[in-house]
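Single-structure report; data block below.
All figures in this text were calculated on a predicted structure; none of them were measured in a lab. Counting starts at 1 for both ligands and their atoms, in listed order.
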Amino acid sequence: MIEIQDLTFIYKDEKKPALQDIRLTIPEGGFLGVIGPAGAGKTTLARAVSGMIPHHYTGDYYGSVTVNGMDTVETSLEDISRLVGMVFQDVDSQIISPVVEDELLYGLENFGIPREEIPQRIDEALQKVGIADLRERAVGSLSGGQRQKVAIASIIALRPRILVLDEPTGELDPRSSRQVFSLLKELNEEQRITVIIIEQKIMLLCEFARQLAVLSEGKIVRQGDTRDVLAHAEELEALGVNCPRVTTLSRAVSVKTGEEQPVCLNLDEAEAMVRRLIS
Ligand SMILES: Nc1ncnc2c1ncn2[C@@H]1O[C@H](COP(=O)(O)OP(=O)(O)OP(=O)(O)O)[C@@H](O)[C@H]1O
Ligand SMILES: [Mg+2]
């Protein structure tokens, strides 16, 4: 479980808090989507959960973040990283090895994973992300999307209990993006791995995330079950957060018919609504 209590953080030499009075609880096995406009503090929140704040990024820090009972201020970054794996928004600052396989190997060796276990871990992670064929490729020869998949595979190979992903599909096409979400769903459902994902592809996110947190100017302006948060579509749009078109559709139908429609989260639900209306 992750518990964030009254967290306020101001980066060193900055005046404005990047995060302010954040209160958020993410249960073990949760699947949380984080949304909000540019500069809202999404990445900063990810850094706070993964311990990079305050260990790597310093500044004024108030409140607390505890991960499975460990206060991130009092726990070393190494210990936190055994529990929390993070895929950076900027994958190129994450990948340090020149060859794909070595990138996975590096992390596993660093974690002291027994030698005999390593090849299987690498195989499995590459396969899960669908890049077994890239194993011996030079990282420099890969596309942005492929590098994003390498970063995801290298974190998954470490088998963290909590996964924090900062816009992991930014460079991926719709099909690969869906594959990433399907993998996260599998890890979440079969191994109860907690997933926290920052994502711009709102339709995809809302299909998979059970909970949403909406950030704006460093504050959480709304949090709760995905459907409940999306019921406030106008508020989100006003903040500059797009809502899935199926959600906009169910809102529009509610307004037009004067009859409150349940918020639609995916195409199947939208289709069912339309069928109900025309029958
Ligand atoms: N390393 C840093 N040093 C100083 N200020 C920073 C640093 N990183 C982020 N900030 C500032 O903190 C605020 C929140 O930034 P953050 O990157 O968390 O937002 P974001 O929601 O992830 O934005 P984006 O959608 O562009 O990724 C911004 O005002 C940003 O300029
Ligand atoms: Mg960001």
The atoms of ligand 1 lying under 4.0 Å from a heavy atom of Arg47, numbered in the order shown, are 8 (N)
Between the side chain of Glu101 and the main-chain N/O of Leu134, is any donor-acceptor distance below 3.5 Å?
no
Taking NZ, NE, NH1 and NH2 as the nitrogens, is one of them in Glu207 or Arg178 under 4.0 Å from a carboxylate oxygen of the other?
yes
Note: Glu269-Arg227 ion pair, threshold 4.0 Å (strictly below)
yes
Is it true that Glu217 and Lys16 have a side-chain N and a carboxylate O under 4.0 angstrom from each other?
no
Under 4.0 Å from atom 6 (C) of ligand 1, is there at least one protein heavy atom?
yes
Mind listing the closest non-hydrogen atom pair of Leu172 and Lys149 along with its distance?
CD2-CE, 3.9 Å
Is the shortest heavy-atom distance from the side chain of Leu205 to the side chain of Ile35 under 4.5 Å?
yes
Atom 25 (O) of ligand 1 - nearest protein heavy atom and its distance
Lys42 NZ, 2.7 Å
Whether Tyr11 and Tyr57 hold their rings parallel, tilted or perpendicular, with breakpoints at 30° and 60°
perpendicular
If you measure from the Lys or Arg side-chain nitrogens to the Asp or Glu carboxylate oxygens, is any gap between Glu103 and Arg135 under 4.0 Å?
no
Counting from 1 in the order shown, the ligand 1 atoms closer than 4.0 Å to a non-hydrogen atom of Thr44 are 14 (C), 15 (O), 16 (P), 18 (O)
Could you list which atoms of ligand 1 come closer than 4.0 Å to a heavy atom of Tyr57?
1 (N)
Out of all atoms in ligand 1, which are within 4.0 Å of some heavy atom of Gln89? Include the element for each.
27 (O)
For atom 28 (C) of ligand 1, grab the closest protein heavy atom and report residue, atom and distance to one decimal in Å.
Gly39 O, 4.0 Å
Atoms of ligand 1 under 4.0 Å from any heavy atom of Ala18, numbered from 1 in the order shown, are 12 (O), 13 (C)
Got a sec: is Thr43 within less than 2.8 Å of the Mg ion (ligand 2) via an N/O/S atom?
yes
Are any of the side-chain heavy atoms of Leu32 and Val195 separated by less than 4.5 Å?
no
Short version for Lys16: what comes under 4.0 Å of ligand 1, heavy atoms counted, is neither
Any protein heavy atom < 4.0 Å from atom 18 (O) of ligand 1:
yes
Atoms of ligand 1 under 4.0 Å from any heavy atom of Thr43, numbered from 1 in the order shown, are 17 (O), 18 (O), 20 (P), 22 (O), 27 (O)
Note the single closest protein heavy atom to atom 10 (N) of ligand 1, along with its residue, its atom name and the distance in Å.
Tyr11 CE1, 3.3 Å
